[in-house]
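Quick notes on the structure that follows.
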Amino acid sequence: NDGDFTFTKQEVMTAPTEGPIGDLNNDGFLDIVGGNFVYMNVPNGNNWIKVLPEGVQSNINAIGAKVEVTTAQGTQMREIRSGDGFHYMSTLGAYFGLGTADSVVSVVVHWPSGEVDAISDPPINGTLEITEGQHPLGVVEREGATITLFPVPATDRLMIRSGKPLGNTPVVVVDASGRRVLEAVLRNDGLDISSLGNGAYVIQLLIDGLPLQRAFVKQ
């Protein structure tokens with residue numbers, strides 16, 4: 001993949017077969033093990049980040065966790081899985097190619113327990129280890145009432161969609177440290193977040209008496 005929606009054909013003696021995938025030499029580019037062969041990926045100038053979550057309330061390998069990485073180019077998501085094939089297993093880490101993006105706005109981990117951890121402006125071109133509960137952001141949502149936030153990432157205005165009328169619902173926004181940074185009322189199912197800096201936040205509100213918290217990223 002040349003990175004510009006084109007591909008360059010390369011002649012090889014043996015094409016890679018199905019097999020486990022992982023970064024065998026920690027250069028950020030995924031390699032393939034197939035039968036008696038190891039196919040090493042050739043690095044280029046693109047940036048990358050590897051996220052290695054460790055569960056506490058959830059299982060220690062964080063299987064089932066969803067990892068979101070947001071850059072200026074948008075948001076990518078990976079799910080931690082333990083089985084990719086009939087007789088093999090790939091690496092448990094979540095790898096993200098960043099292309100030419102030279103920074104990450106935030107990394108958000110949605111754990112199987114319902115907890116959410118977020119790290120703003122992490123280093124790139126290396127491994128980011130995240131232990132459940134070290135960077136708490138709150139629970140995703142409560143059963144019986146849901147909300148959807150968009151756009152992702154948000155810029156100056158965060159829109160909130162729900163199956164229930166929101167009206168002039170009071171909301172609170174907290175940052176990654178749990179500090180209240182904004183208190184306001186929804187207007188036309190939206191919230192003005194232009195005063196917030198770039199990073200990960202949680203919006204808190206009540207719907208039918210149920211407290212809801214949902215993570216979002218401001219860019």
Side-chain angles (χ1 to χ4, degrees), residues 18-33 41 46-71 73-99 101 103-143 146-149 152-154 174-178 198-204 211-219:
E18 291 186 0
I21 298 174
D23 185 6
L24 299 179
N25 55 355
N26 292 318
D27 63 356
F29 290 76
L30 296 174
D31 311 302
I32 303 174
V33 177
N41 202 346
N46 290 340
N47 296 313
W48 55 277
I49 187 171
K50 172 187 175 183
V51 180
L52 191 61
E54 180 179 323
V56 176
Q57 296 185 52
S58 306
N59 63 88
I60 192 171
N61 290 320
I63 295 169
K66 293 180 174 62
V67 183
E68 296 177 352
V69 168
T70 299
T71 68
Q73 299 174 347
T75 298
Q76 303 180 61
M77 190 274 286
R78 303 280 187 273
E79 183 176 355
I80 306 299
R81 300 180 179 179
S82 62
D84 297 318
F86 179 70
H87 61 281
Y88 62 84
M89 187 180 82
S90 297
T91 181
L92 289 175
Y95 289 82
F96 297 85
L98 306 179
S103 65
V104 169
V105 175
S106 68
V107 175
V108 179
V109 180
H110 299 263
W111 301 91
S113 66
E115 293 297 319
V116 180
D117 280 280
I119 296 178
S120 299
D121 193 26
I124 62 173
N125 296 330
T127 300
L128 177 64
E129 297 182 357
I130 301 179
T131 301
E132 184 177 10
Q134 281 190 340
H135 306 275
L137 208 55
V139 296
V140 179
E141 57 188 29
R142 292 283 299 275
E143 184 177 358
T146 60
I147 56 175
T148 301
L149 308 181
V152 179
V174 299
D175 62 15
S177 67
N198 293 349
Y201 298 90
V202 164
I203 186 170
Q204 302 173 336
L212 293 181
Q213 301 184 92
R214 190 68 184 267
F216 72 93
V217 173
K218 162 69 187 302
Q219 177 180 301

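Heavy-atom basis, side chains included; hydrogens, waters and symmetry copies ignored.
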Check: So L98 and V104, side-chain contact (heavy atoms from CB on, under 4.5 Å) or not? Walk me through it.
Finding: CA-CA 8 Å; L98 306 179; V104 169; 3.8 Å; yes
Is there a donor-acceptor contact under 3.5 Å from the side chain of [X] to the main chain of [Y]?
X	Y	result
D23	L30	no
N47	A101	yes
N61	I63	no
R214	L149	no

State, with a plain yes or no, whether a side-chain heavy atom of [X] is found less than 4.5 Å away from one of [Y].
X	Y	value
F96	V67	yes
W48	N125	yes
E132	P53	no

Give, for atom [atom1] of [X] and atom [atom2] of [Y], the distance between the pair rounded to the nearest 0.5 Å.
X	Y	atom1	atom2	value
L24	F29	CG	CZ	14.5 Å
M77	E68	CE	CD	7.0 Å
R81	L92	CZ	CG	12.5 Å

Check: Residues in side chain to side chain contact (heavy atoms under 4.5 Å, CB included) with P20, at least two apart?
Finding: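 With neighbours one apart ignored, the set is V33, Y88, S90.
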Note to self: Applying side chain to side chain contact (heavy atoms under 4.5 Å, CB included), can you list everything that pairs with Q134, at least two apart in sequence or on another chain?
What the structure shows: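 Applying side chain to side chain contact (heavy atoms under 4.5 Å, CB included) to Q134 gives T131.
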What are the two closest non-hydrogen atoms of [X] and [Y], and how far apart are they?
X	Y	answer
T91	G22	CG2-CA, 3.8 Å
A118	V108	CB-CG2, 4.0 Å
A62	W111	CB-CZ3, 3.6 Å
V109	A65	CG1-CB, 4.2 Å
V105	K218	CG1-O, 3.9 Å
N198	Q219	OD1-C, 3.0 Å

Notebook entry, point to check: Going by atom types only, do S106 and S120 share a side-chain donor-acceptor pair under 3.5 Å?
Noted result: no
Notebook entry, point to check: What do the steps show when you test N25 against D31 for side-chain contact (heavy atoms from CB on, under 4.5 Å), and what is the final call?
Noted result: CA-CA 9 Å; N25 55 355; D31 311 302; 3.5 Å; yes
Check: When you look at I119 and I130, which way does the side-chain contact (heavy atoms from CB on, under 4.5 Å) test go after all the steps?
Finding: CA-CA 9 Å; I119 296 178; I130 301 179; 3.8 Å; yes
Next item on the list: Might you work through the side-chain contact (heavy atoms from CB on, under 4.5 Å) test for T127 and E129, ending with a clear yes or no?
Entry: CA-CA 6 Å; T127 300; E129 297 182 357; 4.2 Å; yes
Margin query: Which residues pass the side chain to side chain donor-acceptor pair (under 3.5 Å) test with Q76, not counting sequence neighbours?
Written below: R78
